[in-house]
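Some notes on the structure that comes next.
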Protein chains: 2
Amino acid sequence: MRVLLVEDDELLGDAVRTHVARLGNAVDWARTSEDAENSLAAARFDLVLLDLRLPDGHGLDILKGLRARRDATPVIIMTAHDQVSERIAGLNAGADDYLVKPVDLGELQARIHAVTRRYGASVLPEVSLGGIRVYPSERRIVGEDGRDIGLSAREWALLDRLLSRRQAIVSKAQFEDALYEFGAEVESNTVEVYVSRLRRKLGRDVIETVRGLGYRISPHV
Amino acid sequence: MRVLLVEDDELLGDAVRTHVARLGNAVDWARTSEDAENSLAAARFDLVLLDLRLPDGHGLDILKGLRARRDATPVIIMTAHDQVSERIAGLNAGADDYLVKPVDLGELQARIHAVTRRYGASVLPEVSLGGIRVYPSERRIVGEDGRDIGLSAREWALLDRLLSRRQAIVSKAQFEDALYEFGAEVESNTVEVYVSRLRRKLGRDVIETVRGLGYRISPHV
DNA sequence: TTCATGCGTTCAGGCAGCTGTCAGCTTCGA
DNA sequence: TCGAAGCTGACAGCTGCCTGAACGCATGAA
């Protein structure tokens with residue numbers, strides 16, 4: 001697996017690179033935004049480990065650029081402990097997960113596994129839901145008429161969560177965690193609203209309600 | 001299956017212990033971190049139900065200790081509704097799932113099934129009743145025609161109880177205990193009504209009446 | 001700058017299905 | 001045959017869920 005590490009801190013960068021390399025990966029280490037952009041332009045990576053604080057710009061722009069180009073390469077961001085807003089911004093911009101500095105290498109490993117597993121699972125053959133085809137790796141879904149159906153970030157987050165274990169029931173609380181990862185408990189029906197919107201786009205029967213417990217992908221689609 | 005319950009609240013602990021025990025499991029109840037560590041050192045468990053708030057320390061340390069010892073025993077954490085950060089910390093530390101307090105016993109049951117199923121040791125294996133197939137871990141039952149049969153929460157609770165020890169007779173009082181936490185006596189024939197409803201869905205002969213004693217799954221299905 | 005657009009979120013009204021209760025009936029066993 | 005136990009259709013109240021609408025905000029274009 002090829003990993004791009006974007007980190008200006010020499011000490012942390014070295015520790016992470018060594019650790020990730022030991023897991024059997026090829027690691028490119030970019031110290032600056034410019035380095036990172038060049039690397040991303042030159043090659044395909046299986047994972048990006050992204051420090052948001054860089055000397056020559058904001059790492060968030062790198063992430064946004066990726067997603068703007070419809071590049072779904074998994075990105076794990078690394079932020080300082082107290083930079084909650086950064087973390088949220090990162091997740092909103094399309095990061096797959098985050099790590100809090102100081103980075104615990106065991107946790108890093110777990111996150112990498114989790115993210116790449118999620119990615120690997122979804123990158124496998126595309127999923128069919130009724131007449132809809134889903135290409136999670138390209139963040140694209142196509143309707144029966146062959147036309148692209150646009151999903152927003154939140155809608156994707158929900159669908160991802162449902163698809164990650166198709167037979168499992170996902171509770172609203174879990175959705176909220178997946179959607180917000182952090183921050184105040186949202187006392188609202190946001191999840192219901194998104195389920196409703198997804199249903200409108202994917203078809204009424206794709207998402208099944210399990211009253212009192214949550215939602216799941218219907219086994220019959 | 002052997003379950004370790006780590007919970008200092010007497011009331012909640014008792015309700016959970018009773019419920020889990022009724023599913024046919026052996027339950028060890030640890031009230032403190034120390035208790036829990038001792039139990040974990042002394043025996044192997046198939047599942048840990050872990051309250052993170054303990055009088056003598058943080059339950060998270062128990063989880064971290066497990067994982068540090070590369071012990072993959074499934075852990076479900078229980079947190080208060082507003083302790084999102086705790087929950088995330090728990091999941092990051094390697095918890096398999098979480099429950100939000102106040103604990104809903106139906107949800108507890110569903111999560112236990114899901115988690116233990118993931119690990120192969122299912123509390124209630126899938127089972128055939130006449131032409132009906134029951135998948136308790138997925139909260140799904142499928143009729144002879146292959147179509148899903150919807151069961152309400154109460155109906156599931158009843159069926160679970162009957163299936164947990166198939167040859168046993170379950171009295172109405174036991175059902176009431178399983179259905180309503182903590183001896184909230186119901187002044188009616190609710191159990192009879194639910195048995196009736198279940199029979200309509202599963203088939204007349206699946207549940208057998210033992211006059212004066214209770215009900216059981218018919219040995220002939 | 002202003003404006004248009006899309007997204008995320010909140011709210012309220014409505015509704016379907018769940019729940020507990022009862023009445024009247026059937027079945028069982030002595 | 002009679003009384004007790006169990007069964008079930010009906011129903012009202014309630015809960016959880018659904019969804020249209022509206023608003024604030026960010027983004028990007030003009």
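Reminder, nothing fancy here: chain letters follow the sequence lines and each chain counts from 1.
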Is any side-chain N of the basic residue among [X] and [Y] closer than 4.0 Å to the acidic one's carboxylate O?
{"X": "B/K172", "Y": "B/E192", "answer": "yes"}
{"X": "B/K201", "Y": "B/E155", "answer": "yes"}
{"X": "A/R133", "Y": "A/E144", "answer": "no"}

**Request:** Check whether any side-chain heavy atom of B/F175 sits under 4.5 Å from a side-chain heavy atom of B/L158, and report yes or no.
**Result:**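 Yes, at least one pair of side-chain atoms sits under 4.5 Å.
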
**Spacing between B/E208 atom CD and C/dC28 atom P, to the nearest angstrom** =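 B/E208 atom CD is separated from C/dC28 atom P by 12 Å.
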
**Request:** Could you state the atom-to-atom distance from CG of A/L158 to P of C/dG8 in whole Å?
**Result:**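 It works out to 11 Å between those atoms.
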
Only pairs under 3.5 Å count here: list side-chain donor-acceptor contacts from residues 3-13 of chain B, not counting sequence neighbours, and write none if there are none.
unit_1	atom_1	unit_2	atom_2	d
B/E7	OE2	B/D9	N	2.9
B/D9	OD1	B/L11	N	2.9
B/D9	OD1	B/L12	N	2.8
B/E10	OE1	B/R31	NH2	3.4
B/E10	OE2	B/R31	NE	3.0

Distances for protein N or O near nucleotides 16-19 of chain C N or O, under 3.5 Å:
unit_1	atom_1	unit_2	atom_2	d
C/dT19	OP2	B/S152	OG	2.4
C/dT19	O5'	B/Y194	OH	3.3

**Item:** Aromatic B/Y135 / basic B/R140 pairing, under 6.0 angstrom, 45° off normal
**Value:**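 Geometry flag: not set, cation outside 6.0 Å or 45°.
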
**Message:** Any side-chain N or O of A/S188 below 4.0 angstrom from OP1/OP2 of C/dT9?
**Reply:**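 For C/dT9, OP1/OP2 do not have a side-chain N/O of A/S188 under 4.0 Å.
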
**Request:** Using chain B heavy atoms and a threshold of under 4.0 Å, write down where along DNA chain D the contacts begin and end, 5' to 3'.
**Result:**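 Span of nucleotides near chain B: D/dA4 to D/dA10.
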
**Message:** Is it the case that the side chain of B/T209 and the backbone of B/R211 share a donor-acceptor pair, with hydrogens and angles ignored and the cut-off at 3.5 Å?
**Reply:**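 Side chain of B/T209 to backbone of B/R211, a donor-acceptor pair under 3.5 Å: no, none is there.
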
**Item:** Shortest non-hydrogen contact between B/W29 and B/D14, atoms and distance
**Value:**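 Minimum heavy-atom contact is CH2-N, 3.3 Å.
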
**Request:** Just call it for B/V193: base, sugar-phosphate, or nothing, with non-hydrogen atoms closer than 4.0 Å on any strand.
**Result:**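 Base: the residue B/V193, judged by heavy atoms under 4.0 Å, touches a nucleobase.
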
